[in-house]
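Structure first, commentary second.
Each chain gets a letter, A, B and so on, in the order its sequence line appears, and its residues count up from 1. These numbers come from a predicted model, not from an experiment.
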Protein chains: 4
Amino acid sequence: MSDVGGIAAERLRSFVERIERLEEEKAALAADIREVFAEAKGSGFDTKIMRQVIKLRKMDRADVEEQETLLDLYCRALGMREPEKAAADD
Amino acid sequence: MSDVGGIAAERLRSFVERIERLEEEKAALAADIREVFAEAKGSGFDTKIMRQVIKLRKMDRADVEEQETLLDLYCRALGMREPEKAAADD
Amino acid sequence: MSDVGGIAAERLRSFVERIERLEEEKAALAADIREVFAEAKGSGFDTKIMRQVIKLRKMDRADVEEQETLLDLYCRALGMREPEKAAADD
Amino acid sequence: MSDVGGIAAERLRSFVERIERLEEEKAALAADIREVFAEAKGSGFDTKIMRQVIKLRKMDRADVEEQETLLDLYCRALGMREPEKAAADD
DNA sequence: AACGTTGAAATAGTTC
DNA sequence: GAACTATTTCAACGTT
C-alpha cells in the first residue's frame, strides 16, 4: 500500500530522506569551515585574502594565466595601469 | 580604428561607462532607501520588522502558484500538509 | 620560527589545509547528493519537484514564529492579512 | 482614525510605500545593468573580466596595492609562486 | 568601532 | 549554449 496519487510514496520518501541526511552532513561541514575561518581571523589573518589564496590553489595554473592576460588586456584597452605591476615594485 | 591588443577599446569603454553610470544611480537609490529607513526609525518604528513586512508584501506579489498541482501531489505522497494554497484569489 | 614576511607561515598553512580538507569532504557529499538525485530520476521521479519538496520541508523545520506578535501588528496596520500562522501547533 | 493597534498606521504605510517605490526603481536599474552586460557578452566580451575591471576602477589605487601585497605575502608564506608574475612574462 | 548576522549580488554548476 | 538553480561572496545593518 505505498501508492498515493499514483506515486511510489515509499520509494520517494527514501530518496528524500537520504538526501536530507547528506545535506545535513554537508551543512555541518560548512559550519566547520566557517569556524576555521573565524579562528584564523581571531589569529589576525585576513579571511578575504585567505579565500583568494585557496581559490588560487584550486585553479589550474593555465586558468589563472588566461584570466590575468585577459584582465590586463581590458585594462590597457581602457587606459588603466595594469594592476599586476602594483605589488611587484615596492 | 581603436584596437588595443585586438580589443575594440572604444566599444569596451562605452559598455563599461554605461554600466558605471547605471551603478551610480543604483547606489544613489540605495542611499535614499537607507535615508527613509533612518527617518522611520527616528519616528519610532522598528526597521527590522519593517524590512520583514516589505519582504512579505513582495512575496505576496510574486505568485507561487507554479507547478502547484504536481508539488501538491508529491507532498501528499510524503504525508506533508500541502503548502498553503495561493489562497488569496480563488 | 617560520615567519615569511612577518607572517606566521606554519599557522597559515595549517588553517588553509584544514579548510581544504573540509571542502574536499563537502564536495564529496555534494557528489553523493547528485548521485541520489540521478538515481531518483532513473526511477522516474521529477528531480526539480523533489528539490522543491525538500526545500519546503526545510522551511517547515525552520520555525518562523519569531517576532510574530509585532510583525502581525504591523501587518494589520497596513491592512494586510496576517502571515499564515505557525498554524501547526496551536 | 489612523491608529491600528497603537501604531501610526498612515505614517508607517507612507514609509513602506516610499521604500517600495525606490526599490522598484533600483530593481529596474539592476535589470538595465544586466542588459548591458548581456549586450557586451553578445559583442564577444568576457563579462566576468569586465566585472573585475569595473571593480578595479572603483577601488582606490591604495586599496588595490594593499590587497595585492597581502595576497602576495600569503602566497609566499605557503610556498606558492606569486600569481602576479604569471601574466607579465609571456 | 569590530563583531556577527542577515540580505543581496555574483559566480559556479546542472539541466535541457 | 542558454536558462535555471545553488552556492559562495560581498556589503549593510544592528549590536556590544
Side-chain angles (χ1 to χ4, degrees), chain A residues 19 22-23 26-27 29-31 33-35 37-56 58-60 63 67, chain B residues 19 22-23 26-27 29-38 40-42 45-56 58-59 66-67, chain C residues 19 22-23 26-27 29-31 33-38 40-42 45-56 58-59 62 64 66-67, chain D residues 19 22-24 26-27 29-34 36-42 44 46-56 58-59 63 67:
Chain A
I19 291 166
L22 292 166
E23 287 193 339
K26 188 154 150 283
L29 282 171
I33 291 170
R34 252 179 284 121
E35 254 185 79
F37 273 116
E39 196 188 336
K41 180 175 193 164
S43 304
F45 292 107
D46 181 322
T47 57
K48 185 174 173 181
I49 304 293
M50 281 178 69
R51 284 177 204 276
Q52 279 185 257
V53 171
I54 289 167
K55 189 185 287 185
L56 279 172
K58 189 156 41 181
M59 278 172 83
D60 272 5
D63 294 335
Q67 281 215 358
Chain B
I19 289 165
L22 291 167
E23 286 193 338
K26 188 152 150 285
L29 282 171
D32 290 349
I33 291 169
R34 252 178 283 125
E35 256 185 77
V36 179
F37 272 116
K41 183 175 191 162
F45 293 107
D46 180 325
T47 57
K48 185 173 176 184
I49 303 290
M50 283 179 67
R51 283 176 202 277
Q52 277 187 257
V53 171
I54 288 166
K55 186 188 291 185
L56 270 172
K58 183 154 38 178
M59 286 171 62
E66 29 140 344
Q67 290 176 313
Chain C
I19 291 166
L22 291 166
E23 287 193 338
K26 189 152 149 285
L29 282 171
I33 291 170
R34 249 179 285 124
E35 254 184 80
V36 179
F37 272 116
K41 182 174 191 162
F45 293 108
D46 180 326
T47 57
K48 185 172 176 185
I49 302 291
M50 280 179 68
R51 282 176 202 276
Q52 277 187 259
V53 171
I54 288 166
K55 189 187 289 185
L56 271 173
K58 183 154 41 179
M59 285 172 61
V64 189
E66 31 140 340
Q67 290 174 312
Chain D
I19 290 165
L22 292 166
E23 287 193 339
E24 256 177 71
K26 187 154 151 282
L29 282 171
D32 290 348
I33 290 170
R34 252 178 284 125
V36 179
F37 272 115
E39 196 189 336
K41 181 175 192 164
D46 179 323
T47 58
K48 184 174 174 183
I49 303 291
M50 282 180 67
R51 283 177 203 276
Q52 278 185 257
V53 171
I54 289 166
K55 189 184 287 185
L56 279 171
K58 189 154 45 179
M59 280 172 83
D63 294 337
Q67 281 215 359

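- The structure places CZ of C:R34 at 11.0 Å from CG of C:L29, a figure rounded to the nearest 0.5 Å.
- The side-chain heavy atoms of C:F37 and C:I54, taken from C-beta on, include a pair separated by under 4.5 Å.
- Rounding to the nearest 0.5 Å gives a distance of 7.5 Å between CZ of A:R51 and CD1 of C:I19.
- The nearest whole Å value for the distance from the NZ atom in D:K41 to the C1' atom in E:dT11 is 12 Å.
- E:dT15 atom C1' lies 12 Å from atom CG of C:D46, rounded to whole Å.
- Note: CZ (C:F37) to P (E:dG13) measures 18 Å, nearest angstrom.
- Note on C:T47: nothing from the nucleic acid sits closer than 4.0 angstrom, heavy atoms only.
- The side chain of B:K48 places no N or O atom within less than 4.0 Å of a non-bridging phosphate oxygen (OP1 or OP2) of E:dT5.
- Each of A:Q52 and B:R34 has a nearest nucleotide on DNA chain F; the 5'-most of these lies closest to A:Q52.
- Atom CE of A:M50 is separated from atom P of F:dT8 by 16 Å (rounded to the nearest Å).
- The NZ-P distance, from A:K55 to E:dG13, rounds to 10 Å in whole Å.
- Computed from coordinates, the C:I19 CD1 to F:dT8 C1' distance equals 14 Å when rounded to whole Å.
- No side-chain heavy atom of D:D46 sits less than 4.5 Å from a side-chain heavy atom of A:Q67.
- Spacing between atom CD of A:E23 and atom P of F:dT5 amounts to 16 Å, rounded to whole angstrom units.
- Map D:A30 and A:A38 each onto its nearest nucleotide of DNA chain E; the residue landing nearer the 5' end is A:A38.
- To the nearest 0.5 Å, atom CD of residue B:E23 and atom NZ of residue B:K26 are 6.0 Å apart.
- The side chain of D:R51 contributes an N or O atom lying less than 4.0 Å from OP1 or OP2 of E:dA10.
- When rounded to the nearest whole Å, the span between CG of B:L29 and P of F:dA11 equals 19 Å.
- The side chain of D:K26 lies closest to E:dA9, out of E:dC3, E:dT11, E:dA9.
- Between D:K58 and F:dC10 there is no side-chain polar atom (N or O) within less than 4.0 angstrom of OP1 or OP2.
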